[in-house]
Amino acid sequence: MEFNENKPIYLQLADQLMNETERLNFQPGSRLPSVRDYASQTGVNANTVMRTYTWLQQEDIIYNKRGIGYFYCDDAQEKVFKMRRKQFFEKEVPYFIERMKALRISLNDLERFIMTHKSNLH
């Protein structure tokens, strides 16, 4: 796995696991790979995976059954959607609006584009 040097690896791993929840590539309550297995799969140190799991646990996306492993919370997908929607509106939309201003793209231009490409939105 290739990593972005501008973002901590443990957060990139968390993003990867959260992507799976968005795409429904998991079952609520299902078990995550063990720390060692996930470290082996991703080519990182087990301590990095432990940081990832700890962070996801603090965000209430996964939980730990002591001695058994880590599992997705039943509402993991909704929590990920909520977190990512917030990030989208707080970080990505303002950047998008600034780019629209800089490129002199009006709301009407954007609406026309969306209407001609709306089949791609589903």
Side-chain angles (χ1 to χ4, degrees):
M1 181 173 182
E2 288 190 35
F3 295 102
N4 176 345
E5 63 185 49
N6 298 320
K7 185 174 185 177
I9 292 173
Y10 80 96
L11 290 177
Q12 292 177 63
L13 294 175
D15 283 341
Q16 181 179 331
L17 291 168
M18 289 190 297
N19 289 344
E20 291 182 20
T21 66
E22 280 184 11
R23 295 184 194 108
L24 287 176
N25 293 341
F26 81 109
Q27 290 294 319
S30 64
R31 188 170 186 226
L32 282 81
S34 71
V35 170
R36 285 185 191 159
D37 286 347
Y38 199 57
S40 178
Q41 289 174 23
T42 56
V44 301
N45 185 293
N47 291 329
T48 302
V49 172
M50 193 65 224
R51 266 185 95 183
T52 300
Y53 285 7
T54 299
W55 186 86
L56 288 168
Q57 190 173 5
Q58 290 170 344
E59 297 297 322
D60 292 323
I61 295 166
I62 67 172
Y63 63 94
N64 184 14
K65 286 187 181 179
R66 194 173 193 97
I68 298 174
Y70 288 89
F71 297 81
Y72 284 103
C73 293
D74 289 340
D75 58 351
Q77 186 182 47
E78 189 51 43
K79 287 178 180 174
V80 169
F81 282 152
K82 184 178 179 180
M83 178 189 304
R84 289 197 163 169
R85 285 181 190 122
K86 183 178 187 238
Q87 179 184 16
F88 177 77
F89 283 109
E90 290 178 357
K91 295 182 179 173
E92 295 175 41
V93 169
Y95 173 77
F96 179 76
I97 290 170
E98 286 303 314
R99 293 297 297 148
M100 283 181 61
K101 286 180 188 176
L103 297 171
R104 297 185 180 133
I105 297 171
S106 71
L107 288 176
N108 288 335
D109 295 334
L110 179 61
E111 183 178 16
R112 275 193 301 278
F113 181 84
I114 289 172
M115 294 309 290
T116 58
H117 295 86
K118 66 182 173 183
S119 63
N120 296 336
L121 296 174
H122 295 109

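Please read these numbers as outputs of a predicted model, since none were measured by experiment.
Linking ILVMFWY residues whenever their side-chain heavy atoms come closer than 4.5 Å, directly or via other members, leaves Met18 and Tyr63 in distinct clusters. Follow the hydrophobic side-chain contacts under 4.5 Å out from Phe81 and you never reach Val93; the two are in separate clusters. Note on Met83 and Phe88: separate hydrophobic clusters, where clusters join Ile, Leu, Val, Met, Phe, Trp and Tyr whose side-chain heavy atoms are under 4.5 Å apart, directly or indirectly.
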**OP:** Mind running side-chain contact (heavy atoms from CB on, under 4.5 Å) on Leu56 and Tyr70 for me, showing each step along the way?
**Re:** CA-CA 10 Å; Leu56 288 168; Tyr70 288 89; over 6 Å; no
**OP:** Could you check Tyr38 against Leu32 for side-chain contact (heavy atoms from CB on, under 4.5 Å), going step by step and ending with a plain yes or no?
**Re:** CA-CA 8 Å; Tyr38 199 57; Leu32 282 81; over 6 Å; no
Original post:
Can Asp109 and Ser106 be said to form a side-chain hydrogen bond (donor to acceptor under 3.5 Å, both in side chains), step by step?
Top reply: CA-CA 5 Å; Asp109 295 334; Ser106 71; 3.2 Å; yes
**OP:** Assess whether side-chain contact (heavy atoms from CB on, under 4.5 Å) is satisfied between Arg36 and Val49, documenting all intermediate values.
**Re:** CA-CA 8 Å; Arg36 285 185 191 159; Val49 172; over 6 Å; no
Subject >> Test side-chain contact (heavy atoms from CB on, under 4.5 Å) applied to Tyr10 and Val44, step by step >> reply: CA-CA 9 Å; Tyr10 80 96; Val44 301; over 6 Å; no
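With values rounded to the nearest 0.5 angstrom, Thr42 atom OG1 is found 9.0 Å from Ile9 atom CD1. Here OG1 of Thr48 is found 11.0 Å from CG of Leu11. Values are rounded to the nearest 0.5 Å. Rounding to the nearest 0.5 Å places CG of Asn45 at 11.0 Å from CZ of Arg51. Here the CD-CG distance, from Glu78 to Asp75, works out to 8.0 Å after rounding to the nearest 0.5 Å. Atom CG of residue Asn64 and atom CD1 of residue Ile62 lie 8.0 Å apart, to the nearest 0.5 angstrom.
With hydrogens and angles disregarded, no donor-acceptor distance shorter than 3.5 Å links the side chain of Lys65 to the backbone of Phe71. Of the possible donor and acceptor atoms, one in the side chain of Arg31 sits under 3.5 Å from a partner among the backbone N and O of Ile68. Here the side chain of Thr116 pairs a donor or acceptor atom with the backbone of Arg112 at under 3.5 angstrom. In terms of modelled atom types and a separation under 3.5 Å, the side chain of Thr21 and the main chain of Gln77 share no donor-acceptor contact. A donor-acceptor contact shorter than 3.5 Å links the side chain of Gln12 to the backbone of Lys7. At least one donor-acceptor pair under 3.5 Å links the side chain of Thr54 to the backbone N or O of Met50.
Partner of Val80 under the side chain to side chain contact (heavy atoms under 4.5 Å, CB included) criterion, out of Glu22, Glu59, Arg85: Glu22 alone.
Considering all non-hydrogen atoms of both residues, Tyr53 and Ser34 come closest at OH-O, 4.1 Å. Residues Cys73 and Asp60 share a closest heavy-atom pair of SG-O, 3.3 Å. When all heavy atoms are compared, the tightest approach of Gly29 to Asp74 is N-OD1, 3.8 Å. Heavy-atom minimum distance, Ile61 versus Ala76: O-CB, 3.4 Å.
With no hydrogens or angles considered, a side-chain donor-acceptor pair links Arg84 and Asn19 at under 3.5 Å.
Using a 4.5 Å cut-off on side-chain heavy atoms (C-beta onward), Met100 and Leu107 make contact.
Applying the 6.0 Å contact sphere to CD of Gln27 captures no more than 12 heavy atoms from other residues, nucleotides or ligands.
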